[in-house]
Amino acid sequence: MGILSDKLSAVKPSQTKAMTELAETMRAAGKSIITLSQGEPDFDTPQHICQAAIAAIQAGHTRYTSVAGITPLREAIVEKFRRENNLTYTIDQITVGCGAKQLLFSALMASLDEGDEVLFPTPCWVSYPEMVKLTGGIPVAIPTSVDNGFILGPDELRAALNENSKWLMLNSPSNPTGAVYTASDLQALAEVLRDFPRVWILSDDIYEHLVYGDVEFATMAAVAPDLAERTLTVNGVSKAYAMTGWRVGYAGGPLELIKAMNTVQGQSTSHTCSVSQYAAVTALNGDQSFIDEFRAAFSTRRDAMVKQVNAIPGLSCDTPDGAFYVFADCRELLGKATPGGSVLSTDMDFAMYLMESAGVAVVPGSGFLADGFIRISYAASEDDLTRAIAAIHAAVVQLTEATS
Ligand code: PMP
Ligand code: GLU
């Protein structure tokens, strides 16, 4: 008998982390690999935020904090939700955790009983189904298609809901597709959700600031205020402020749920790092102008990437409205043979071929519950992106029809 619980044996490791770690191992072995598998800005954390962290250490803010987070940070979050999202929370309705990731986990942990279903549109972020399994719920994927821009429609939502449904997890802009729900997309879903009062909405807004062109970000609790009493709004500083390693996420929602999430956190991690919390205060309260600069750089890269990916025979993608990924359809390439004679049967085979032959790490779509795609992150330098796309192109043109 092994050590692992039945629960854990059903849970897969994160594909984004696995591909990135494999790239690191190959690099350590002397291979040159460009990592486009991890969703994190390549920019450095802005200096004024780093300085705030240094000042916090020097001022002795190096001890345990309250579980929900230091008061100035929760005040800054209340103000952020008011200023940017037109959402009103009291300070007790805010909690801070080790990244948005932990807050999603705590929310599920605090609320799921056996048999509870958690719905999410797919393609979805790799961690959603696995977190649901870890916290004792049943993940329910609602497939969306490239033809409707990977947006979940009200009829598909209604068809998936039943008396066991507990949460609908929404992520806009989406990882991995970059799809952005407009206010009217959300209104249409809200209409359906009003008929299912047991269902809560988890709005994962981590890519809020990364929307391009005329597209406007919208979030459920603001679009449908009558649903705010059963909506948890999750966000964080990782993507907008280039602070992935600092591990600060936050959530606003109904008091009963926030208190229960604090219990989960208080009995597991206690709280996120005190120094990071002080840095996050400065991030949220300080100068925001660099976010526009990040956004402009991502937007330029997005346009270049979409063009270059579509120029590769057998790969295609639409222009994503947000986040920093292109989700490319590689179905035409499946079934082809590599120069070494192996047949690429799955998107995982294709991703491994790109890693080995092109020296580029991407994530197979199957990790996002979408077979036949690969996710390429464009949160990398323009130089790396240009070299990576040229290498992918060169590797793809070497594929040949497989002889059976
Ligand atoms: N949600 C989505 C959709 C993400 O892509 C990520 C990326 N890591 C997160 C949540 C969590 O971000 P973090 O824990 O760094 O705040
Ligand atoms: N969310 C990012 C990604 O999808 C970071 C890695 C992770 O936490 O999965 O690449």
Side-chain angles (χ1 to χ4, degrees), residues 11-24 35-42 45 69 73 77 80 95-108 118 120-132 134 150 167 169-181 202-211 217 219 232-251 265 269 272-273 276-277 279-280 283-284 298 320 322-327 351 361-370 373-380:
V11 176
K12 295 192 286 262
S14 163
Q15 277 280 354
T16 53
K17 299 285 181 208
M19 291 308 276
T20 306
E21 276 162 31
L22 180 59
E24 270 161 30
T35 303
L36 304 184
S37 51
Q38 175 115 302
E40 73 176 340
D42 54 308
T45 304
L73 179 53
I77 295 163
K80 179 266 176 241
T95 189
V96 176
C98 307
K101 197 177 223 174
Q102 195 207 344
L103 292 156
L104 299 173
F105 184 89
S106 297
L108 297 172
V118 179
F120 41 81
T122 55
C124 65
W125 183 36
V126 291
S127 294
Y128 288 174
E130 308 310 311
M131 273 190 196
V132 173
L134 266 175
F150 294 116
W167 283 99
M169 294 177 83
L170 288 176
N171 173 219
S172 171
S174 151
N175 175 5
T177 65
V180 177
Y181 285 73
L202 208 163
S203 183
D204 178 349
D205 296 356
I206 193 81
Y207 296 98
E208 165 179 17
H209 289 292
L210 302 178
V211 289
F217 170 80
T219 191
L232 183 72
T233 307
V234 174
N235 209 322
V237 297
S238 285
K239 316 286 175 177
Y241 299 91
M243 291 179 71
T244 48
W246 299 77
R247 310 309 302 132
V248 182
Y250 54 87
Q265 181 153 283
T269 59
T272 194
C273 166
S276 296
Q277 292 186 52
L284 292 173
F298 284 136
F324 38 51
Y325 309 105
V326 292
F327 201 55
V362 300
V363 187
S366 44
F368 306 95
L369 304 190
F373 289 78
I374 53 166
R375 187 194 78 174
I376 311 173
S377 163
Y378 54 87

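For ligands, and for the atoms within them, numbers begin at 1 and follow the listed sequence.
Formation of a donor-acceptor pair under 3.5 Å by the R375 side chain with backbone atoms of S37 is found in this model. Counting only distance, with no hydrogens or angles, the side chain of E130 and the backbone of V11 share no donor-acceptor pair below 3.5 Å. Of the possible donor and acceptor atoms, one in the side chain of T45 sits under 3.5 Å from a partner among the backbone N and O of A242. T177 places a side-chain N or O within 3.5 Å of a backbone atom of A179 that can act as its donor or acceptor partner.
Taking 4.0 Å as the cut-off between side-chain N and carboxylate O, E208 and K80 count as a salt-bridged pair.
Each of the following atoms of ligand 1 lies closer than 4.0 Å to a heavy atom of G99: 13 (P), 14 (O), 16 (O). Close approach of ligand 2 to N175 (heavy-atom distance below 4.0 Å) involves ligand atoms 1 (N), 3 (C), 4 (O). Close contacts of ligand 1 with N175, meaning ligand atoms under 4.0 Å from a residue heavy atom, involve 3 (C), 4 (C), 5 (O). Taking a cut-off of under 4.0 Å to the non-hydrogen atoms of S238, the atoms of ligand 1 that pass are 13 (P), 15 (O), 16 (O). If you number the atoms of ligand 2 from 1 as listed, the ones under 4.0 Å from a heavy atom of K17 come out as 6 (C), 7 (C), 8 (O).
Within the 4.0 Å heavy-atom criterion, the part of R247 lying near ligand 1 is the side chain and not the backbone. Contacts between A100 and ligand 1, counted as non-hydrogen atom pairs separated by less than 4.0 Å, involve both the backbone and the side chain. Neither the backbone nor the side chain of F368 comes within contact range of ligand 2; no heavy atom lies under 4.0 Å. With a 4.0 Å cut-off on non-hydrogen atoms, K239 touches ligand 2 through its side chain and not its backbone.
Taking only non-hydrogen atoms, the option from Y250, W125, Y325 nearest to atom 6 (C) of ligand 1 is W125. With Q38, K101, Q15 as candidates, the residue nearest to atom 8 (O) of ligand 2 on a non-hydrogen basis is K101. Counting only non-hydrogen atoms, the option in L104, D204, V248, D205 that gets closest to atom 2 (C) of ligand 1 is D204.
Scanning all heavy atoms of the two residues, the minimum distance from T272 to Q277 falls at O-NE2, 2.9 Å.
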Step-by-step side-chain contact (heavy atoms from CB on, under 4.5 Å) determination, C124 to F368 = CA-CA 5 Å; C124 65; F368 306 95; 5.6 Å; no
Test T16 against S14 for side-chain hydrogen bond (donor to acceptor under 3.5 Å, both in side chains), laying out the working first.
-> CA-CA 5 Å; T16 53; S14 163; 2.8 Å; yes
Go through the steps to decide whether V96 and Q265 satisfy the test side-chain contact (heavy atoms from CB on, under 4.5 Å), and finish with yes or no.
-> CA-CA 9 Å; V96 176; Q265 181 153 283; 5.6 Å; no
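At least one heavy atom of N171 lies less than 4.0 angstrom from ligand 1.
In this structure, atom 7 (C) of ligand 1 lies nearest to the protein heavy atom K239 NZ, 2.8 Å. Looking from atom 10 (O) of ligand 2 to the surrounding protein, the closest heavy atom is G39 N, 2.7 Å. Nearest non-hydrogen protein atom to atom 7 (C) of ligand 2 is T16 OG1, 3.4 Å.
Of the polar atoms of Y128, none of the N or O atoms is found under 3.5 Å from an N or O of ligand 1, judged by distance alone.
No option in T233, T219, N235 other than T219 meets the side-chain hydrogen bond (donor to acceptor under 3.5 Å, both in side chains) test with S203.
Checked against the 6.0 Å centroid criterion, the rings of F324 and Y207 qualify as a close aromatic pair.
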